[in-house]
> 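This is the structure, below, for whatever I ask next.
Please read these numbers as outputs of a predicted model, since none were measured by experiment. All residue numbers in this chain count up from 1 along the given sequence. Counting starts at 1 for both ligands and their atoms, in listed order.
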Amino acid sequence: MGKRLERVAARVVFDSRGDKTVEVEVTVEGHTARAAAPSGKSRGKREVVPFPEGGPEEAVRVVRDKVVRLSGVELEGLVAFDRLLTDLDGTPNLSSIGGNTAIALSVACATAYAASEGKRLYEALSELVNEVPALPLPLSNVLGGGAHAGPGAPEIQEFLLIPLGAKTMKQAVEVNVVAYRKLGRLLQRELPDFPLGKGDEGGYAPPIGNRKALELVRAAADETSDETGVEVGVGLDVAGSNVFDPRSNRYALRSEGLYLTGPEFKEYLVDLADEFKLVYIEDPFSEDSPELYADLQRDLRSVFVCGDDLVVTRAELIEHQVGRGAIRAAIIKPNQVGTVSLTVDAVRACTAHGAVAVASHRSGETTDAYISQIAVGLGCKVIKCGLIGGERVAKLNELIRIEEEIGAGKIRRLTA
Ligand code: 2PG
Ligand code: MG
């Protein structure tokens, strides 16, 4: 028997950058759940449109005028609402209701539906995909540049840490925090006048070149491994589409005075990976150069080259790029596709093809922690959700709560 969708409501709220976004409430069989949409700054060209023309205010109007008409329908399953939503939108890129509106509605509805069965969202999702709930390893941004920081910061968008050998979620977070604090001290020693300013995701945003930044992050990771006994891996999100300058056809590393062709930039990354023992490189190149991804992945077999803008959480793109050897990991950002169902498909594509699914926040976030529920429920091995700042810590704290529910020690590993 179906479950009744009783109420849909929306309002404008603010995200961690102070930008407006949409928050919704959905009631299923007397159970109400709330969800709010995050927003990306370094967005892939193939992502769905985040908001209808007119922005979040218009999105709220669309919910009040159109989506409310769905109230009263019977939902035949956890994600049955998604089809109704996409039909109501009627465009291939969700431009009439907006992908951010859609993801908030889709998540809230699935959460309320799960609650009506006495389950948390992660439990209901894990049943849907036949996975045993387990915790993802947290991949934490500790130093940032690119579109998430001001001028003078590194061009590489994110310098990331992953506590590879952590035994519990609590330990994983603790280890990353130890490393973050060590990095702060190393930065102060290196740049005595730098007031430890931060980028959009809470990582330090120092006026420093990419190589120097990586040197300090590596040192912080090594000191932390020695002190805690937990091996800490280092990774990067280059956000290559933003480093690439289409006018000169070069990857522009202004902080280092380097303007490199695609193949030269690939060599630059290979050298960094060897020298600093990288385990993970996300979006190394422009999303229009998948052949460079494949070359890099071939050169760095043990590194997880990960697609974000390249595959935008679309199952068919993930399948294609993993199949041709361009990547061994894919970022899973539900608002890139707009529904929980399509997010499920994307993670399934990773699992089926032996790629690592990396559940991910966006640079503009709220304190909503649904990404943690999705990561656990769908079996993502890694979650990229930042480390410092209320909106980032909200995701980690939710994972600590889930750990209490499923039992300590059920933590996944970074393996293919
Ligand atoms: C990324 C993200 C999140 P944004 O590139 O992976 O870290 O940034 O949300 O701005 O796309
Ligand atoms: Mg990215």
> Using 4.0 Å as the upper bound for N to carboxylate O, is an ion pair formed by Arg11 and Glu57?
no
> Taking only heavy atoms of Glu158, which atoms of ligand 1 are found under 4.0 Å from at least one of them?
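Those atoms are 1 (C), 2 (C), 3 (C), 5 (O), 6 (O), 7 (O).
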> Show me which atoms of ligand 1 lie under 4.0 Å from any heavy atom of Lys41.
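Those qualifying, in numeric order: 4 (P), 9 (O), 10 (O), 11 (O).
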> Going by the order shown, which atoms of ligand 1 are within less than 4.0 Å of some heavy atom of Lys333?
1 (C), 2 (C), 5 (O), 6 (O), 11 (O)
> May I ask you to identify the nearest protein heavy atom to atom 9 (O) of ligand 1, giving residue, atom name and distance to one decimal place in Å?
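Looking only at protein heavy atoms, the one closest to atom 9 (O) of ligand 1 is Ser363 N, 2.8 Å.
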> The Mg ion (ligand 2) to Asp237: any N/O/S contact under 2.8 Å?
yes
> Heavy atom under 4.0 Å from ligand 1: found in Ala239's side chain, backbone, both, or neither?
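Answer for Ala239: neither.
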> Are any of the N/O atoms on Arg17, whether in the backbone or the side chain, positioned under 3.5 angstrom from an N/O atom of ligand 1?
no
> Taking the basic N atoms (NZ, or NE/NH1/NH2) and the acidic carboxylate oxygens, is any pair closer than 4.0 Å for Asp15 and Arg362?
no
> Between the side chains of Tyr370 and Glu398, does any donor sit under 3.5 Å from an acceptor?
no
> Given Lys384, His361, Arg43, identify the one with the heavy atom nearest to atom 6 (O) of ligand 1.
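It is Lys384 whose heavy atom sits nearest to atom 6 (O) of ligand 1.
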> With a cut-off of 4.0 Å, which atoms of ligand 1 are near a heavy atom of Arg362?
4 (P), 9 (O), 11 (O)
> Using modelled atom types only, decide if a donor and an acceptor are shared between the side chain of Ser372 and the backbone of Lys395 within a distance under 3.5 Å.
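Such a contact is found between Ser372 side chain and Lys395 backbone.
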> Test Phe285 against every option in Leu296, Leu310, Val305 by the side-chain contact (heavy atoms from CB on, under 4.5 Å) rule and name the one that passes.
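Of Leu296, Leu310, Val305, side-chain contact (heavy atoms from CB on, under 4.5 Å) with Phe285 is met by Leu296 alone.
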> Between Glu404 and Arg401, is there a donor-acceptor pair closer than 3.5 Å when you use the side chain of the first and the backbone of the second?
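No; judged by distance alone, with no hydrogens or angles, the pair does not exist.
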> Specify the protein heavy atom at minimum distance from atom 5 (O) of ligand 1: its residue, its atom name, and the distance to 0.1 Å.
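The answer is Gln157 NE2, 2.9 Å.
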> Please give the atom name: the N, O or S atom of Asp308 nearest to the Mg ion (ligand 2).
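Among the N, O or S atoms of Asp308, the one closest to the Mg ion (ligand 2) is OD2.
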> Could you check which N/O/S atom of Glu282 is closest to the Mg ion (ligand 2)?
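Closest to the Mg ion (ligand 2) among those atoms: OE2.
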> Looking at Asp308, which atoms of ligand 1 are within less than 4.0 Å of one of its heavy atoms?
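What qualifies from ligand 1 is 1 (C), 5 (O), 6 (O).
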> Quick check: do Arg413 and Lys381 have side-chain heavy atoms less than 4.5 Å from each other?
no
> Hey, which atoms in ligand 1 end up nearer than 4.0 Å to a heavy atom of His148?
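Those qualifying, in numeric order: 4 (P), 8 (O), 10 (O).
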> Nearest protein heavy atom to atom 3 (C) of ligand 1, by residue and atom, and its distance?
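Atom 3 (C) of ligand 1 sits closest to the protein heavy atom Glu201 OE2, 3.1 Å.
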> Give a yes or no on whether the backbone of Val238 and the side-chain of Asp283 come within a donor-acceptor separation of less than 3.5 Å.
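Side chain of Asp283 to backbone of Val238: no pair is present.
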> Between Phe304 and Tyr280, does the ring centroid distance fall short of 6.0 Å?
no
> Consider ring pair (Phe, Tyr, Trp, His ring centres under 6.0 Å). Of Tyr251, Phe244, Tyr259, Tyr293, which one does Phe265 pass it with?
Tyr251
> Can you sort out which atoms of ligand 1 are near Gly40, meaning under 4.0 Å from one of its heavy atoms?
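What qualifies from ligand 1 is 4 (P), 9 (O), 10 (O), 11 (O).
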> Just checking, is any N or O donor in the side chain of Glu201 or Ser363 under 3.5 Å from an acceptor N or O on the other one?
no
> I'd like to check which ligand 1 atoms, numbered from 1 as shown, lie under 4.0 Å from a non-hydrogen atom of Asp237.
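Once the distances to Asp237 are compared, the set is 1 (C), 5 (O), 6 (O).
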